[in-house]
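The structure under discussion appears below in the form of structure tokens.
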Amino acid sequence: MEENEKKINNGIDMRWYVGIVLYNPDVQRLKQNVEALYALIGWKRIILVDNASANKAEVKALWGNHKDFVWIENTENMGIATALNQIMRQVELMGGGWCLTMDQDSVVGEGLVEEYRKFMVDRIGILTCRVKDRNFGWMYSSRCKEAEEIEFCITSGSFLSVEAWKSAGGFNEDLFIDGVDYDFCFRMRAAGYSVVRVHGAFLLHEVGYAKKVFLLGHEALVLNHSPLRLYYIARNYLYIGFTYRVFWHWAFEVFKRFLLVVLYEEGRLEKMKYMYKGICHACMGRLGKY
């Protein structure tokens, strides 16, 4: 790409792309996602990575031959971390400096990236936003009116620097799903980059079939995830605790999730069984796809 095609903001290369990971998406929700992305200004291509969806043909019928889309098709479910790395490698290959990473069922708010650009300075690795869940409302509360540095963010709606992704060593593919974003933020911040939440930008999102409850005197989320997702949560959260020497914090997160399953969720025996497996595998150092 010619130098004069670059969009520069405060000396930062602003050529950017969108990446969406697909796994058996709700096609109507995905269409809402893409329609909202078309309202944003400045992206070059939308990169779709399909993790062997059963309804892949239906999605390809919509955008398979469209010039704005780049397709990457996996022959099996490779997990969120591998798919995100595939997206970022493609962005780098096409000369991009940034990527807006999206879940398949999230919908961006108006002017998302325009808001992000107001706060772009050197050594920012990720810009993220306020998140409104369809089931229970806003995910975060803050007295900050503009932007604040935070420790972690979810990948959906995040504006990720290619340089920060490379410096962090990419997403950890051994984790497969759940905790991938937390692990990445740990390594990216260790590499000298920061995560900034911009409060003038927002994302409509959905965490499973979540609802808010009170546990031990504090607000908590009942996620109603599948037993397999709970396996990854238990295993990967403990891995993060072991790896970054913050064990008790993440062990408490697993304990809290276990209590919420026991007290509020259906199919609790199967879910408890998978969480126990995840705990055992974390202690054994066993990672990868279950």
Side-chain angles (χ1 to χ4, degrees), residues 12 16 18-21 79-89 91-92 97-103 106 108 112-113 115-116 119-131 133 138-142 144 147-199 201-203 205 207 221 223 229 232-254 256-257 282 287:
I12 298 171
W16 63 281
V18 179
I20 309 175
V21 180
I80 188 76
T82 295
L84 287 168
N85 283 333
Q86 289 175 308
I87 286 170
M88 296 305 295
R89 281 192 289 269
V91 172
E92 183 181 25
W98 293 78
C99 183
L100 178 65
T101 55
M102 294 290 298
D103 284 359
S106 297
V108 296
L112 182 85
V113 176
E115 287 296 318
Y116 285 164
F119 299 93
M120 293 185 72
V121 294
D122 192 33
R123 305 306 290 181
I124 285 184
I126 297 176
L127 288 148
T128 186
C129 61
R130 294 185 302 138
V131 179
D133 190 276
W138 296 105
M139 290 181 67
Y140 316 111
S141 60
S142 174
C144 177
E148 62 181 326
E149 187 170 341
I150 57 176
E151 289 187 312
F152 309 109
C153 68
I154 63 173
T155 53
S156 191
S158 291
F159 203 46
L160 173 57
S161 158
V162 171
E163 289 303 317
W165 167 74
K166 289 166 62 178
S167 296
F171 293 92
N172 187 344
E173 299 182 5
D174 286 337
L175 299 184
F176 193 77
I177 192 171
D178 285 303
V180 170
D181 41 11
Y182 296 127
D183 173 80
F184 179 80
C185 286
F186 264 116
R187 288 182 290 108
M188 188 193 69
R189 288 189 291 111
Y193 291 86
S194 59
V195 183
V196 172
R197 182 188 297 143
V198 177
H199 289 266
F202 78 93
L203 177 81
H205 187 58
V207 181
L221 290 180
L223 300 177
R229 286 291 300 273
Y232 285 117
I233 287 172
R235 188 195 72 180
N236 292 349
Y237 282 16
L238 290 180
Y239 164 84
I240 289 170
F242 287 131
T243 301
Y244 303 105
R245 300 181 181 179
V246 283
F247 175 76
W248 292 112
H249 171 81
W250 292 93
F252 178 74
E253 289 297 316
V254 173
K256 183 171 69 175
R257 183 59 43 209
L287 298 175

Can you tell me how far the CD1 atom of I126 sits from the SG atom of C185, to the nearest 0.5 Å? 4.5 Å

Exam field: side chain T128 to backbone R197, donor-acceptor pair closer than 3.5 Å: no

Please walk me through it: do I80 and F176 pass side-chain contact (heavy atoms from CB on, under 4.5 Å)? CA-CA 6 Å; I80 188 76; F176 193 77; over 6 Å; no

I'd like to know if the side chain of R187 reaches the main chain of A168, judged simply by a donor and an acceptor atom lying under 3.5 Å from each other, with no hydrogens or angles considered. yes

I'd like to know whether V180 forms a side-chain contact (heavy atoms from CB on, under 4.5 Å) with T155, so could you lay out the CA-CA distance, the side-chain angles of the two residues, the decisive distance to 0.1 Å, and finally the verdict. CA-CA 9 Å; V180 170; T155 53; 5.7 Å; no

Taking the side chain as every heavy atom from C-beta outward, state whether C129 and Y116 have any atom pair closer than 4.5 Å. yes

Quick one: ring-ring contact (aromatic ring centres under 6.0 Å, His included) partners of Y239, sequence neighbours excluded? none

Just how far is it from atom CG of D183 to atom CE of M188, taken to the nearest 0.5 Å? 11.5 Å

Would you please name every residue forming a side-chain hydrogen bond (donor to acceptor under 3.5 Å, both in side chains) with H249, sequence neighbours left out? none

With a 4.5 Å cut-off on side-chain heavy atoms, are V195 and E149 touching? no

With a 4.5 Å heavy-atom cut-off, do W250 and F242 have their side chains touching? no

Is any side-chain heavy atom of D181 less than 4.5 Å from a side-chain heavy atom of C153? no

Which label fits W98 and F159: parallel for a plane angle under 30°, tilted from 30 to 60°, or perpendicular past 60°? parallel

Applying side chain to side chain contact (heavy atoms under 4.5 Å, CB included) to S106 and not counting sequence neighbours gives M102, D103, S156, L203, H205

Quick one, L160 and V91 - any side-chain contact, counting heavy atoms below 4.5 Å? no

Heavy-atom pair of closest approach, residues R235 and D174: NH2-O, 3.3 Å

How far apart are the closest heavy atoms of A201 and L112, and which atoms are they? CB-CD1, 3.6 Å

Side-chain contact test, heavy atoms from C-beta onward, threshold under 4.5 Å: evaluate it for L238 versus V254 and give yes or no. yes

Check for a donor-acceptor pair, side chain of N236 on one end and backbone N or O of G179 on the other, with a separation under 3.5 Å. no

V162 vs C99, side-chain contact (heavy atoms from CB on, under 4.5 Å): CA-CA, chis, key distance, verdict: CA-CA 7 Å; V162 171; C99 183; 5.7 Å; no

Contact between H199 and E115 at the side-chain level, heavy atoms closer than 4.5 Å - yes or no? no

Do you know the tightest heavy-atom contact between A164 and G125? CB-CA, 3.6 Å

Y237 and D178: side-chain donor and acceptor closer than 3.5 Å? no

Pairing residues for E163 by the side chain to side chain contact (heavy atoms under 4.5 Å, CB included) criterion, not counting sequence neighbours: S161, K166, Y193

Going by heavy atoms in the side chains, are E148 and V196 under 4.5 Å from each other? no

List in chain and number order the residues that pass ring-ring contact (aromatic ring centres under 6.0 Å, His included) with F152, two or more places apart in sequence or in another chain; answer none if no residue qualifies. Y182, F186

Is there a donor-acceptor pair under 3.5 Å between the side chain of R130 and the backbone N or O of V198? no

Side chain to side chain contact (heavy atoms under 4.5 Å, CB included) with E173: which residues, sequence neighbours excluded? A81, T82, N85, R89

Hey, what do you get for CG (L127) to OG (S194), rounding to the nearest 0.5 Å? 8.0 Å

